[in-house]
2 protein chains.
Amino acid sequence: MMSLQYKNKEAYPLTVTIYDVAREANVSMATVSRVVNGNQNVKPATRKKVLEVIERLEYRPNAVARGLASKKTTTVGVIIPDISNNIYAEAARGIEDIATMYRYNIILANSDQNEEKELTLLDTMYGKQVDGIVMMSDAVTPKLHQSMDHSPVPIVLAGTVDESNQFASVNIDYFQASYEAVQMLIANGHKRIAFVSGPLHNTINSKFKLEAYKKALSDARLEIDEQLILPEEGSYDSGIEAWETVMTLEQPPTAFFAGSDELAIGIVHGAQDNGYKVPEDIEVISFENSKLARMVRPQLTSVVLPLYDIGAVAMRLLTKIMNKEEIEDQEVIIPHRIEVRKSVKKND
Amino acid sequence: MMSLQYKNKEAYPLTVTIYDVAREANVSMATVSRVVNGNQNVKPATRKKVLEVIERLEYRPNAVARGLASKKTTTVGVIIPDISNNIYAEAARGIEDIATMYRYNIILANSDQNEEKELTLLDTMYGKQVDGIVMMSDAVTPKLHQSMDHSPVPIVLAGTVDESNQFASVNIDYFQASYEAVQMLIANGHKRIAFVSGPLHNTINSKFKLEAYKKALSDARLEIDEQLILPEEGSYDSGIEAWETVMTLEQPPTAFFAGSDELAIGIVHGAQDNGYKVPEDIEVISFENSKLARMVRPQLTSVVLPLYDIGAVAMRLLTKIMNKEEIEDQEVIIPHRIEVRKSVKKND
DNA sequence: CACCTTTGCGTTCACGGTAAAGATTTTTAA
DNA sequence: TTAAAAATCTTTACCGTGAACGCAAAGGTG
């Protein structure tokens, strides 16, 4: 059975166009266009008359026709790895909120951080004539770089580093933030600190978190043990696995720097399930601070990765570029901080 | 400074149209249109020639123009309460995956379950000429109902009940699922079972979960105590609050039926933080089964709410309706089950 | 071989707006 | 009063594509 809504085709209302409004209001369609677009060159009386007809006929401008004529769609493309992953969802919400604020809609697509999909999606977005694109990706590969270079519309990277520094982007200082996190662990006297990073094909993990981890250790004259560097996926289960892997070592670590909250929780549970206490026996610091961080015992001490803000600022930046406003700096660095909770011992 | 990408306006590539391709290939634009749209009435040699030119000129059909001419945008609108909420994100992913499979893109928007926003968003979607809409909402209010009734395009409700049974929808049997959950607690001997529902303005909470809770109790000849019914928000903190509220009662409950995983985790932590053991002292069953359910100790026993599937099936249903295929049943009920873990004692 | 189908391709117009240019009316001011 | 200026409105040329329609060439049929 067809949808009750549309049992009979007549149920689909025929669209009323700007011509219909014009005719009913005894003005030209240009005038209707003006009142619809808030152009001031319309006599108040005329505007009122038109507005009434619009109301009566339930006229709704056809955004597609408008887009064709004006070459603006008031739509931006958003390409993210995976919306079902909390961190991207958070960013997406930031993007959408600001987009809404500036009257844009977003076309959202998941890339699964698959280069091929990313390229296809960019092409799709270009074809759909979006006015701009916000992109989140693990790494700006050469092919990606090339496609973005040829983009007919502005692109802003969110939470994504472009090593060529050629595109607008919004990030935090991942290196510094990671350095501070590891330092916090070092300050608590740990000599064996594991780094459960998340995939190393992600530029942020490989070039910033990892490098910062190494630097913090060597600055403190601590040995860098490759066995303590675990490039797992970002999931909860890989956190548990990482724990298991590393605790079979002759000299297991006493502290962990985890690349994400899920990873950190996996580690915490791995420890607790095996009779270790956090933070008494094992200390863990995370890098994310999603709401999950408070939903474990002990609650996680974590570097704050302000995903919502990153998304929001990226979108704001995009509106400026689309609007051809002057941009002070196209590479925005948002301040970060560490939220201290219970998975690391107080040190004062 | 402007984006490096576009230092000079010439950097914006001028768009190549179907005419350009036609001219270069010495054919009419109709022929180009045919090869682009896979029409078979083109000689292979001609097709090849056109394809080459398309490649060389990097021609990309303008989806906006196409949309205007064909009255199809291959875009569907998705209205959900909040993408940063895991359950909606999960559903969104299901929707997007199937949409991609059928070559649709999605315009995603957050309504914050605010009726006004929902109405505005519907109007926006209509204006953008989406080919269909997937909607998730707390409740189909009269106004919403009316707007949807006048929709120029098909709408499918996902995880949302429409009491008028007038729209296509995809759900599970919330009543039955809830009944089973409460029964499980009753079977374990509990006489005082609290129901921490989530907001009651949500139809699913008020009409199904709550009713099922009451029915399960009365069927077991247990007293229904209004003090044990807690319409909190769905958040972790409200779970903790619910715990605190209810444990001050003279006869506190010994088991909880929680409307969501976050709520359940809040309750578990509330209990644990106060020296109670789960499930020894307190049993908790949740309704959601997100990945969170496994990320607590004890892991949550939970009714499985298959959000991804609900989204995917809703989108699939929508494609059928958009395609004017015959629909067996426009109100789809997906099977549910209860995932048994550790927050409820084994009973055999 | 006359005639009817297909196949392959070109012409033309509609889609529903925007915006520039031109026309008309109203206002301002000498 | 009246012409120039300003305000308001109409005309019209697109925007890039799909699709109906038309027509010629090729293939089939009896």
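Letters A, B, ... are given to chains in the order of the sequence lines, protein chains preceding strands, and every chain is numbered from 1. Keep in mind that the numbers below use all heavy atoms, side chains included, and drop hydrogens, waters and symmetry copies.
- In terms of heavy-atom proximity, B/N105 sits nearest to A/I107 at CB-CG2, 3.9 Å.
- Among D/dT17, C/dG17, D/dT10, the nucleotide with an atom closest to any side-chain atom of A/N62 is C/dG17.
- Interface remark: the A/R34 side chain does form a donor-acceptor pair with the D/dT10 base, using a distance-only criterion of under 3.5 Å.
- Side-chain N/O atoms of A/Y59 include one lying less than 4.0 angstrom from OP1 or OP2 on C/dG17.
- Atoms OH (A/Y19) and C1' (D/dT11) sit 11 Å apart, rounded to a whole Å.
- Remark on the helix from C/dC1-D/dG30 to C/dA30-D/dT1: inter-end axis angle 40°, axes from five-pair C1' superpositions, rounded to 10°.
- In this structure, B/V27 reaches the sugar-phosphate backbone alone: every heavy-atom distance under 4.0 Å involves primed, P, OP1 or OP2 atoms, never a base.
- Considering only heavy atoms from C-beta on, B/I80 comes within 4.5 Å of B/N110 through its side chain.
- Residues B/P44 and A/G67 both approach DNA chain C. Their nearest nucleotides, taken by heavy-atom distance, put B/P44 toward the 5′ side.
- Among C/dA19, C/dG10, D/dT17, the nucleotide with an atom closest to any side-chain atom of B/S28 is C/dG10.
- The phosphate of C/dT18 has OP1 or OP2 within less than 4.0 Å of a side-chain N or O from A/S33.
- To the nearest angstrom, P of C/dT25 lies 11 Å from NZ of A/K43.
- Using a 4.0 Å cut-off, no side-chain N or O of A/S70 falls inside it from OP1 or OP2 of C/dT18.
- Within 4.0 Å of A/R47, counting heavy atoms only, lies no atom of the nucleic acid at all.
- Residue-to-nucleotide proximity on DNA chain D shows that, of A/Q40 and B/L68, the 5′-proximal contact is made by A/Q40.
- Residue A/N41 is in base contact, counting any heavy-atom pair closer than 4.0 Å across all strands shown.
- Contact annotation: A/K71 reaches the phosphate of D/dG16 (side-chain N/O to OP1 or OP2, under 4.0 Å).
- Side-chain contact of B/N114 with B/E116: a donor-acceptor pair under 3.5 Å is absent, judged by distance alone.
- When distances are taken from the side chain of B/M29 to each of D/dT17, D/dT11, C/dG10, the shortest belongs to D/dT17.
- Using modelled atom types, one side-chain atom of A/T160 and one backbone atom of A/S137 make a donor-acceptor pair closer than 3.5 Å.
- Rounded to a whole Å, the CD atom of B/Q129 is 9 Å from the C1' atom of C/dG16.
- Here the closest heavy-atom approach between residue B/L317 and residue B/Q330 is recorded as CD2-O, 3.9 Å.
- Distances shown here put every side-chain N or O of B/R66 at or beyond 4.0 Å from the OP1 or OP2 atom of D/dG16.
- OP1 or OP2 of D/dG18 lies within a sub-4.0 Å distance of a side-chain N or O belonging to B/N37.
- Between B/K128 and B/T75 there is no side-chain heavy-atom pair separated by less than 4.5 Å.
- Atom-to-atom, NZ of B/K49 to P of C/dG10 comes out at 8 Å; the value is rounded to the nearest Å.
- The separation between B/N39 atom CG and D/dC21 atom C1' is 14 Å, rounded to whole Å.
- With hydrogens and angles left out, the side-chain atoms of B/Y308 and B/D97 include a donor and acceptor closer than 3.5 Å.
- Residue B/T31 is in sugar-phosphate contact alone, with no base atom involved, counting any heavy-atom pair closer than 4.0 Å across all strands shown.
- Shortest non-hydrogen contact noted between B/A168 and B/I321 is CB-CD1, 3.9 Å.
- Atom C1' of nucleotide D/dG16 and atom CZ of B/R23 are separated by 14 Å, given to the nearest angstrom.
- For the atom pair A/I95 CD1 and A/T100 OG1, the distance stands at 11.5 Å (nearest 0.5 Å).
- Rounded to whole Å, the distance from CG on A/D20 to C1' on C/dG17 is 13 Å.
- When the side-chain nitrogen and oxygen atoms of A/T17 are compared with OP1 and OP2 of C/dG16, none of them lie within a distance under 4.0 Å.
- Checking D/dC15, D/dT17, D/dT10 against the side-chain heavy atoms of B/I18 singles out D/dT17 as nearest.
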